[in-house]
Amino acid sequence: VQLQASGGGLMQVGDSRTLACKASGGPLSNYVMAWFRQAPGKDREIVAAVNRIGGRTNYADAVKGRFYIYRDNGESTMTLQMKSLKPEDTARYYCAAAGGRTAYAMPMASNEYDYWGQGTQVTVSS
């Protein structure tokens, strides 16, 4: 599966923005989907994950209550709705897919994901 992330840009503290990930090359329902991010000089970290069939989500503590992950298997898309953005949200955001998982699995480690998009830069200015 190929993944294409979009929607990043330069934002102000408190802004909202939605990132999108478009998948091609296979039924999205075959994959657990997630968003990761990586800031300069830091390790890549999980932001949010959603199970294969949707309905179950998991979030990093840093974004709980501010970010929301959605998927639409019929449209082969996944989105990350970001609210109340903070400077510490500045990072390159990557969408990722993991195959061969049960319907309710939501791995949270980057090494459990098989496919990655190219990323989209989110910069939050104070």
Side-chain angles (χ1 to χ4, degrees):
V1 65
Q2 294 80 47
L3 304 173
Q4 179 77 33
S6 62
L10 177 62
M11 285 145 269
Q12 302 296 315
V13 170
D15 280 355
S16 297
R17 181 69 67 100
T18 298
L19 305 182
C21 179
K22 178 68 175 177
S24 59
L28 197 62
S29 57
N30 287 350
Y31 303 94
V32 179
M33 299 297 294
W35 287 96
F36 288 80
R37 66 186 183 186
Q38 187 167 19
K42 294 188 177 181
D43 293 334
R44 188 169 297 188
E45 62 177 8
I46 186 76
V47 176
V50 58
N51 67 312
R52 283 199 297 116
I53 59 176
R56 296 188 71 182
T57 56
N58 203 358
Y59 296 92
D61 288 343
V63 305
K64 279 182 181 176
R66 298 189 300 121
F67 289 15
Y68 300 92
I69 188 171
Y70 300 99
R71 68 185 295 159
D72 184 334
N73 288 343
E75 295 294 327
S76 295
T77 58
M78 174 181 67
T79 58
L80 183 69
Q81 186 180 63
M82 307 184 294
K83 298 181 178 180
S84 302
L85 283 163
K86 304 176 181 181
E88 51 264 44
D89 295 320
T90 295
R92 192 163 187 84
Y93 284 69
Y94 298 87
C95 55
R101 300 295 196 278
T102 62
Y104 297 103
M106 289 183 292
M108 298 293 277
S110 60
N111 61 6
E112 296 195 74
Y113 285 81
D114 311 300
Y115 304 97
W116 294 84
Q118 85 293 356
T120 185
Q121 179 66 34
V122 171
T123 302
V124 184
S125 173
S126 57

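By convention here, the first residue in the shown sequence is residue 1. Quantities reported herein were computed from a predicted structural model and do not represent experimental measurements. We use all heavy atoms of the structure for the numbers below, so side chains are in, but hydrogens, waters and symmetry mates are not.
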Just wondering, do Met33 and Leu3 contact through their side chains at under 4.5 Å, heavy atoms?
yes
Distance col, row Ile69:CD1 vs Thr79:OG1, nearest 0.5 angstrom, shows 8.0 Å
Should Val32 and Tyr113 count as side-chain neighbours, where that means a heavy-atom distance under 4.5 Å?
yes
Below 4.5 Å, heavy atoms only, C-beta onward: do Arg66 and Tyr59 meet side chain to side chain?
no
Parallel, tilted or perpendicular: which fits the ring planes of Tyr93 and Phe67, with parallel below 30° and perpendicular above 60°?
tilted
Just verifying a value: how many Å separate Tyr94 OH and Thr120 OG1, rounded to the nearest 0.5 Å?
10.0 Å
Does CD in Glu75 sit with more than 12 non-hydrogen atoms of other residues, nucleotides or ligands closer than 6.0 Å?
no
Beyond-backbone contact of Val122 with Met82, side-chain heavy atoms, under 4.5 angstrom:
yes
So do Arg17 and Leu80 actually touch side chain to side chain, heavy atoms under 4.5 Å?
no
Is any side-chain heavy atom of Lys86 closer than 4.5 Å to a side-chain heavy atom of Val124?
no
Measure from the side-chain N and O atoms of Gln118 to the backbone N and O of Ala5, and report whether any donor-acceptor pair falls under 3.5 Å.
yes
Got Tyr104 and Ile53 here, is their nearest side-chain heavy-atom distance under 4.5 Å?
yes
Looking only at atom types and distance, does a side-chain atom of Asp15 sit under 3.5 Å from a main-chain N or O of Leu85, one as donor and one as acceptor?
no
Provide the closest heavy-atom pair for Pro107 versus Ala49 in the form atom of the first, atom of the second, distance.
O-CB, 4.1 Å
With a 4.5 Å heavy-atom cut-off, do Trp116 and Arg44 have their side chains touching?
yes
Please tell me whether Tyr68 and Phe36 are part of a single hydrophobic cluster in this structure, the criterion being side-chain heavy atoms less than 4.5 Å apart.
no
Using the rule that Ile, Leu, Val, Met, Phe, Trp and Tyr join whenever any side-chain heavy atoms are under 4.5 Å apart, tell me whether Tyr115 and Leu19 fall into a single cluster.
yes
What distance do Met11 atom CE and Thr90 atom OG1 have between them, rounded to the nearest 0.5 Å?
8.0 Å
Can you name the nearest heavy-atom pair linking Ala91 to Arg37, along with the distance?
CB-CB, 3.8 Å
Rounded at 0.5 Å granularity, tell me how far OG in Ser76 sits from CD in Gln4.
14.0 Å
Tell me the closest heavy-atom pair linking Met106 and Asn58, and the distance in Å.
SD-N, 3.8 Å
What I want to find out is whether Lys64 reaches Asp61 closely enough, with some N-O distance under 4.0 Å, to be called a salt bridge.
yes
Shortest non-hydrogen contact from Ala34 toward Ile46:
CB-CD1, 3.9 Å
Looking only at side chains, do Arg71 and Asn73 share a donor and an acceptor under 3.5 Å apart?
yes
Leu28 side, atom CG; Arg52 side, atom CZ - distance, nearest 0.5 Å:
10.5 Å
With rounding to the nearest 0.5 angstrom, report the CD to CD distance, Gln121 to Gln38.
10.5 Å
